[in-house]
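What follows is a single structure, written as structure tokens, with notes after it.
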Amino acid sequence: DAGVTQSPTHLIKTRGQQVTLRCSPKSGHDTVSWYQQALGQGPQFIFQYYEEEERQRGNFPDRFSGHQFPNYSSELNVNALLLGDSALYLCASSQKETQYFGPGTRLLVL
Amino acid sequence: AQSVTQLGSHVSVSEGALVLLRCNYSSSVPPYLFWYVQYPNQGLQLLLKYTSAATLVKGINGFEAEFKKSETSFHLTKPSAHMSDAAEYFCAVTSAGGTSYGKLTFGQGTILTVHP
């Protein structure tokens, strides 16, 4: 049984560009959450998707948007990248209360 | 609102010694609590969870944690540290309902170093 997968593993962008990160949940999971982990910090909740709708959102600007597809996979989009968006972006999937994390996508904004 | 405080950003122990990582939480509704471990350049791996069943929870790799409502704590322990336990550990809280439902709030993490 494959776990949560994320792509790409690493990404380098320049300020002002846009980026799309992708996530495939564990088999049987219908909920996907996204987190941002800056260097030396704990993960911060961005948003959660369930039944293709954003169910919960953290304290992130509208530059951060997402989507969930009918097969439960998800995308995180970030527009107008800032240097401060450099971080590890983690996707987690769940069916109930327990979230299982993928390996993350490390984004570097230059 | 929910919050997590992990006391001690760095903990150092000798191989074979007791591991104790501290976590205190704040929640206005009954919490669900989790411990995750993160190895360098990797994602988070679930160690154990408390979801309102037994207050003493056993997890993988010999770790366990005890939920103490009166102390709002969920400390992580392991009787005997192994070199492979060296990693960063995160405590997290969510709830079964309310405004925090589905949202994990993490502590700042504790880096565990194990000396031979």
Side-chain angles (χ1 to χ4, degrees), chain A residues 2-10 21 23-26 29-51 53-60 66 68 74 87-108, chain B residues 1-10 21 23-25 27 29-53 57 59-60 65 67 87-111:
Chain A
V4 180
T5 60
Q6 293 186 242
S7 63
T9 56
H10 294 81
L21 310 182
C23 172
S24 292
K26 279 171 68 76
H29 287 188
D30 56 9
T31 303
V32 172
S33 304
W34 286 92
Y35 294 81
Q36 180 195 66
Q37 185 179 20
L39 203 60
Q41 311 233 345
Q44 299 288 317
F45 176 78
I46 303 175
F47 42 54
Q48 183 180 80
Y49 277 83
Y50 172 70
E51 291 190 342
E53 296 286 333
E54 184 182 287
R55 177 160 69 177
Q56 274 270 27
R57 189 177 181 90
N59 190 25
F60 278 80
Q68 186 178 34
S74 177
L88 180 66
Y89 288 85
L90 295 163
C91 168
S93 75
S94 57
Q95 188 181 37
K96 294 184 179 179
E97 74 286 337
T98 304
Q99 297 185 23
Y100 296 87
F101 286 80
T105 294
R106 188 163 296 281
L107 172 65
L108 177 61
Chain B
Q2 298 182 313
S3 66
V4 172
T5 302
Q6 292 184 237
L7 298 174
S9 58
H10 289 79
L21 305 183
C23 171
N24 288 89
Y25 70 92
S27 178
V29 296
Y32 290 158
L33 293 156
F34 304 83
W35 276 99
Y36 289 89
V37 61
Q38 186 174 37
Y39 297 96
N41 299 312
Q42 294 188 25
L44 302 177
Q45 180 183 9
L46 178 68
L47 275 178
L48 48 76
K49 62 181 179 181
Y50 166 77
T51 54
S52 73
V57 180
I60 62 172
F67 172 69
E88 189 162 18
Y89 293 78
F90 290 95
C91 181
V93 65
T94 186
S95 64
T99 58
S100 296
Y101 175 71
K103 166 187 173 181
L104 276 175
T105 299
F106 285 85
Q108 288 294 97
T110 298
I111 295 173

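Letters go in sequence order (proteins before strands), and every chain restarts at 1.
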Can you tell which part of [X] gets under 4.5 Å to a heavy atom of chain B, answering side chain, backbone, both or neither?
X	value
A/R57	neither
A/Q6	neither
A/Y35	side chain
A/S33	side chain
A/Q99	both

- Query: Side-chain contact, heavy-atom cut-off 4.5 Å: A/R106 with B/N41?
  - Reply: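 Side chain of A/R106 against side chain of B/N41, heavy atoms only: contact under 4.5 Å found.
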- Decide yes or no for B/T94 and A/F45: does some side-chain heavy atom of the first lie under 4.5 Å from some side-chain heavy atom of the second?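 Not touching, per the 4.5 Å side-chain cut-off.
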- Message: Counting heavy-atom pairs under 4.5 Å with chain B, which one of A/G42, A/P43, A/P103, A/G104 comes out on top?
- Response: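 Heavy-atom pair counts peak at A/P43.
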In Å, rounded to the nearest 0.5 Å, how long is the span from [atom1] of [X] to [atom2] of [Y]?
X	Y	atom1	atom2	value
B/K103	A/F47	NZ	CZ	14.0 Å
B/Y36	A/L90	OH	CG	11.0 Å
A/K96	B/Y32	NZ	OH	9.0 Å
B/L104	A/E97	CG	CD	10.0 Å

- Query: What's the shortest heavy-atom distance between A/L88 and B/Q38, and which atoms?
  - Reply: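 Where A/L88 meets B/Q38 most closely, the heavy atoms are CD2-NE2, 3.7 Å.
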Tell me, side chain or backbone of [X] under 4.5 Å from chain A's heavy atoms, or both, or neither?
X	answer
B/L46	side chain
B/Q42	backbone
B/K49	side chain

- Neighbour count >12 (heavy atoms, 6.0 Å) for atom CD1, B/I60: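 Yes, because the 6.0 Å sphere around CD1 of B/I60 holds more than 12 heavy atoms from other groups.
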- Query: Among B/G107, B/G43, B/G109, which residue forms the greatest number of heavy-atom pairs with chain A at distances under 4.5 Å?
  - Reply: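 Looking at each option in turn, the highest pair count goes to B/G43.
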- Query: Under 3.5 Å, side chain of A/Q48 to main-chain N/O of B/G102, donor-acceptor pair present?
  - Reply: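 It does hold such a pair.
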